[in-house]
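The structure appears below as structure tokens.
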Amino acid sequence: MGLAIFPKWVNKVRFILAGAMLGGPLYAVVLFGYGASPETLNVGYMPTQPVPYSHKLHAGDLNIDCRYCHTTVETAAFAAIPPTATCMNCHTGIKGKNQIARKIRLIEESYETGNSIEWIKVHDLPDYVYFNHSAHVLKGVGCETCHGRVDTMVEVYQAKPLSMGWCVDCHRNPEAHIRPLDQVTKMGWEVSDAQLALNRQMIADKHINPSTDCSTCHR
């Protein structure tokens with residue numbers, strides 16, 4: 001009778017390891033498929049903001065360019081949230097006791113005290129995803145491509161899935177998603193057959209070749 005090298009409970013470990021090797025990959029596939037499906041993403045997410053700011057009023061009715069408030073979209077990876085000083089450029093003269101004035105007072109208090117308004121981020125990608133606003137805007141990707149028709153939103157919500165598959169599809173077929181640079185902030189942009197032809201030419205002239213390599217977004 002030979003000398004036992006390992007204790008008897010190791011025999012049970014073999015079955016556990018075998019089950020993990022067989023079931024682990026299946027679990028990963030199911031988990032990834034569920035997590036990447038549109039049903040599990042945040043389409044429609046609309047948090048209540050500390051100040052009820054209306055994009056419909058500002059970007060829609062007043063036709064204020066997105067870049068007036070989000071000043072870094074052409075120069076940085078992130079879209080800056082405007083300081084209250086930007087709001088006060090227009091709202092200094094608004095007074096009164098109506099509901100709008102009450103909202104403005106919250107902005108005034110932030111301006112006077114220097115305390116930032118704690119806005120809740122709506123389009124919040126996972127930490128393991130790298131996204132550069134300027135790289136997209138400077139290639140002609142319009143704001144509404146990712147953010148939807150914010151000019152019609154009284155309260156901003158997530159209109160697009162922002163899933164990996166959704167992004168990769170755009171990288172594979174960029175001609176349907178770009179426009180002339182002077183139209184990147186225009187809402188309601190429609191791509192005609194003639195515009196598609198121009199887009200293809202622009203892609204060729206500017207050597208636009210979006211990468212689908214994993215390291216592009218997962219760094």
Side-chain angles (χ1 to χ4, degrees), residues 38-39 41-113 115-125 131-163 166-167 170 176-192 195:
E39 291 78 11
L41 297 170
N42 290 331
V43 173
Y45 174 58
M46 186 175 66
T48 300
Q49 300 290 356
V51 176
Y53 176 91
S54 171
H55 275 75
K56 180 183 182 300
L57 171 62
H58 294 81
D61 300 342
L62 299 177
N63 198 31
I64 297 176
D65 191 288
C66 304
R67 292 164 293 192
Y68 181 78
C69 296
H70 304 291
T71 56
T72 62
V73 293
E74 295 177 309
T75 59
F78 62 95
I81 296 175
T84 49
T86 300
C87 304
M88 295 307 293
N89 287 340
C90 298
H91 286 288
T92 300
I94 295 180
K95 302 294 180 182
K97 296 183 179 181
N98 56 31
Q99 186 178 11
I100 294 178
R102 183 184 63 80
K103 300 173 186 177
I104 300 307
R105 183 56 194 160
L106 295 174
I107 297 174
E108 289 177 340
E109 289 175 357
S110 171
Y111 180 68
E112 292 167 357
T113 62
N115 296 325
S116 299
I117 295 174
E118 296 185 5
W119 300 100
I120 301 172
K121 194 169 185 179
V122 178
H123 301 83
D124 192 9
L125 295 176
F131 178 85
N132 188 307
H133 269 86
S134 65
H136 290 76
V137 171
L138 295 179
K139 290 296 188 295
V141 178
C143 301
E144 71 172 304
T145 300
C146 299
H147 296 288
R149 291 293 303 274
V150 293
D151 61 317
T152 66
M153 299 179 188
V154 175
E155 295 183 62
V156 169
Y157 60 88
Q158 184 173 320
K160 307 293 183 177
L162 308 183
S163 64
W166 185 80
C167 294
C170 184
H177 305 285
I178 63 172
R179 58 183 73 180
L181 293 182
D182 61 352
Q183 300 295 324
V184 291
T185 62
K186 179 179 175 60
M187 295 291 158
W189 175 264
E190 295 183 2
V191 182
S192 62
Q195 185 61 51

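Nothing here was measured: the structure is a model prediction, and the numbers come from that model.
Residue Leu138 holds its CG atom at 7.0 Å from CG of Leu181, rounded to the nearest 0.5 Å. We find the OH-CD1 distance between Tyr111 and Ile107 to be 12.5 Å, quoted to the nearest 0.5 Å. Note that the OG1 atom of Thr86 and the CD1 atom of Ile81 stand 12.0 Å from one another [nearest 0.5 Å]. Taken from OG1 in Thr48 to CD in Glu155, the straight-line distance is 6.0 Å, to the nearest 0.5 Å. Remark: Lys160 NZ to Thr145 OG1 distance equals 7.5 Å, nearest 0.5 Å.
By the 4.5 Å heavy-atom criterion applied to side chains, Ser54 and Val154 are counted as neighbours. Under the 4.5 Å side-chain criterion, counting only non-hydrogen atoms from C-beta, Met187 is in contact with Cys143. Residues Pro82 and Trp119 form no side-chain contact, since every pair of their non-hydrogen atoms from C-beta on lies 4.5 Å or further apart. The side-chain heavy atoms of Tyr68 and His58, taken from C-beta on, include no pair separated by under 4.5 Å.
The minimum heavy-atom distance between Ala76 and Asn132, with the atom names listed, is O-OD1, 3.7 Å. When all heavy atoms of Thr71 and Ala80 are compared, the closest pair comes out as OG1-CB, 4.2 Å. In terms of heavy-atom proximity, Val156 sits nearest to His55 at CG2-ND1, 3.1 Å. Contact record, Tyr45 with Val122: CD2-O, 3.6 Å, taken as the closest heavy-atom pair. Heavy atoms only, all atoms of each residue included: Val141 and Ile178 are closest at CG2-CG2, 4.1 Å. Considering all non-hydrogen atoms of both residues, Pro50 and Leu106 come closest at O-CD1, 3.9 Å.
Within 6.0 Å of the OH atom in Tyr53, the count of heavy atoms belonging to other residues, nucleotides or ligands exceeds 12.
Evaluation of the salt bridge (Lys or Arg N to Asp or Glu O under 4.0 Å) rule for Arg67 yields Asp65, Glu74 as partners, not counting sequence neighbours. Applying the salt bridge (Lys or Arg N to Asp or Glu O under 4.0 Å) test to Glu112 and every residue at least two apart in sequence or in another chain returns Arg105.
In this pair, His136 and Phe131 present their aromatic rings parallel. The plane angle is below 30°, not in the 30 to 60° band.
Side chain of Ser134 to backbone of Val73: no donor-acceptor contact under 3.5 angstrom is found.
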Would you sort out whether Glu144 and Arg179 count as a side-chain contact (heavy atoms from CB on, under 4.5 Å), showing the intermediate values? CA-CA 11 Å; Glu144 71 172 304; Arg179 58 183 73 180; 3.4 Å; yes
Could you tabulate the donor-acceptor pairs under 3.5 Å formed by side-chain atoms of residues 146-153, not counting sequence neighbours?
{"residue": "His147", "atom": "ND1", "partner": "His123", "partner atom": "ND1", "Å": "3.4"}
{"residue": "His147", "atom": "ND1", "partner": "His123", "partner atom": "NE2", "Å": "3.4"}
{"residue": "Arg149", "atom": "NE", "partner": "Asp151", "partner atom": "OD1", "Å": "2.8"}
{"residue": "Arg149", "atom": "NH2", "partner": "Asp151", "partner atom": "OD2", "Å": "2.8"}
{"residue": "Thr152", "atom": "OG1", "partner": "Arg149", "partner atom": "O", "Å": "2.8"}

